[in-house]
2 protein chains.
Amino acid sequence: MKNIENEIDGKELKSKTEWFVTHCRRAGLKVTPQRIAVYQELLKTNEHPSAEILYQKVKQIFPSISLDTVNRTLVTLSEIGAAFVVEGSGDAKRYDAGSDKHQHFKCIKCRRIIDFHHKPFDDIKIPAYINDKFKVLRKTVYIEGICDLCDK
Amino acid sequence: MKNIENEIDGKELKSKTEWFVTHCRRAGLKVTPQRIAVYQELLKTNEHPSAEILYQKVKQIFPSISLDTVNRTLVTLSEIGAAFVVEGSGDAKRYDAGSDKHQHFKCIKCRRIIDFHHKPFDDIKIPAYINDKFKVLRKTVYIEGICDLCDK
DNA sequence: TTGGCAAATAGGAGCAGCTACTATATAGTA
DNA sequence: TACTATATAGTAGCTGCTCCTATTTGCCAA
């Protein structure tokens, strides 16, 4: 298996940035150069960077930016759906005995995790090249969005 | 949508505990009352508890247990597949612009996140009761297991 | 059953990463 | 251009996990 390609060309970077700017305005957020820089660095990489890594990159453009700003920006971006926290990273670990079949919906605003069970999701077929290379212990469908309580 | 039911009866608790005990022995792990208590508390709940929450519960049985033991136990359980981390990692958050279609495989040992792209996973149908109640922004298939480098 | 030892535990210290706070600066608007 | 609400930089503090050490305990062998 090879890594998927995610190199972004100038044209796509520009169009996504334009989408981002209008999306910010619509959400009542100010469009600051720091926000754009963080967003663009995130677009340019394929490696699920941490706030720290992004901070290092953005710092080359804005030497005075603080790590806190990067963190706050990332939280803001994930609240408007312009960025996502890769599942299973950050915050306190949450455990599960893993016995019962169920899937998770996670609200990106309140971070609530809501269980649901949709039978077809239990029988998802894993591609052979994954099974050949890795020992699969768990597979699940993971849905993110905004829950009923937050969407008002 | 109602929460799925996960209340466990005494008989099931007992049989799962027996499985756990033999599973520990096979893995060369000592069967300590603390381990059993943590595992059973995890079986009894439906709420994806954090280490802290489990610690509070187990403490009612073993007042002298330490949070560190609960944490270590959970790591151990997840290494033998008796528990799973459903959310969070305790490490730094990892971000993704969420634009390109891809799925993640996460190694539970080295925590590496490996991207892959399996076209059928892009077209997963979300059940209507999810779409009706929540605003879905992202859906993905998430696979966990042991990667080629760690499985030696 | 008992003794010995490797493994596990309790408790505390330490560390990483996120979050809250305050003064200053800046984007958006009239 | 001036005003105001929002964002930023810098720092301090908090949370949650991990490391360390001394002590205890499960498990095997005699």
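For the contact set between residues 65-72 of chain B and DNA chain C, defined by any heavy atom under 4.0 Å, the members are B:I65, B:S66, B:D68, B:T69, B:R72. Non-hydrogen atoms lying under 4.0 Å from DNA chain C are contributed by A:R25, A:K30, A:V31, all within residues 18-32 of chain A.
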Donor-acceptor pairs are to be reported for all side-chain atoms of residues 24-39 of chain B against protein atoms at under 3.5 Å, with residues two or more places apart or in another chain.
residue: B:T32; atom: OG1; partner: B:R35; partner atom: N; Å: 3.2
residue: B:R35; atom: NH1; partner: B:K30; partner atom: O; Å: 2.6

Below 3.5 Å, can you tabulate the donor-acceptor pairs from side chains in residues 79-89 of chain A to any protein atom, sequence neighbours excluded?
residue: A:E87; atom: OE2; partner: B:H104; partner atom: ND1; Å: 2.9
residue: A:S89; atom: OG; partner: A:V86; partner atom: O; Å: 2.8
residue: A:S89; atom: OG; partner: B:R94; partner atom: N; Å: 3.0

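Atom-to-atom, CG of A:L74 to P of D:dA7 comes out at 15 Å; the value is rounded to the nearest Å. Distance CZ (B:R94) to P (C:dG17): 11 Å, rounded to an integer number of Å. A:D91 places its CG atom 14 Å from the C1' atom of C:dA16, with the value rounded to the nearest Å. Atom CG in B:L54 sits roughly 11 Å away from atom P in D:dC17 (whole-Å rounding). Atoms CD (B:E79) and C1' (C:dA7) sit 14 Å apart, rounded to a whole Å. Separating the CG atom of A:L77 from the P atom of D:dT8 is a distance of 10 Å, rounded to the nearest angstrom. Atom C1' of nucleotide D:dC17 and atom OH of B:Y55 are separated by 14 Å, given to the nearest angstrom. Residue A:I36 contributes atom CD1, which lies 16 Å from atom P of C:dT26 at whole-angstrom precision.
No side-chain heavy atom of B:K14 sits less than 4.5 Å from a side-chain heavy atom of B:T17. The shortest side-chain heavy-atom distance between B:I124 and A:I124 falls under the 4.5 Å cut-off. Residues B:V70 and B:E52 are not in side-chain contact: their nearest non-hydrogen atoms beyond the backbone lie 4.5 Å or more apart. With a 4.5 Å cut-off on side-chain heavy atoms, A:K106 and A:R112 do not count as touching.
No side-chain N or O of A:N46 forms a donor-acceptor pair with one of B:H102 less than 3.5 Å apart.
Between B:Y142 and A:Y142, the angle of the ring planes lies from 30° to 60°, which puts this pair in the tilted group.
Among the protein residues, A:P33 comes within range of the sugar-phosphate backbone only, with heavy atoms under 4.0 Å from sugar or phosphate atoms but none that close to a base.
The hydrophobic cluster analysis finds B:V75 isolated: no Ile, Leu, Val, Met, Phe, Trp or Tyr side chain comes under 4.5 Å of it, directly or through other members.
For B:T76 and B:Y95, each mapped to the nucleotide of DNA chain C holding its nearest heavy atom, the one lying further toward the 5' end belongs to B:T76.
Side-chain atoms of B:Q103 come within 3.5 Å of backbone N or O of B:H118 as a donor-acceptor pair. Under a 3.5 Å cut-off, the side chain of A:T22 and the backbone N or O of A:W19 do form a donor-acceptor pair.
For B:Q34 and D:dT25, the shortest distance from a side-chain N or O to OP1 or OP2 is not below 4.0 Å.
Recorded end-axis angle for the helix from C:dT1-D:dA30 to C:dA30-D:dT1 stands at 50°, based on five pairs per end and rounded to 10 degrees.
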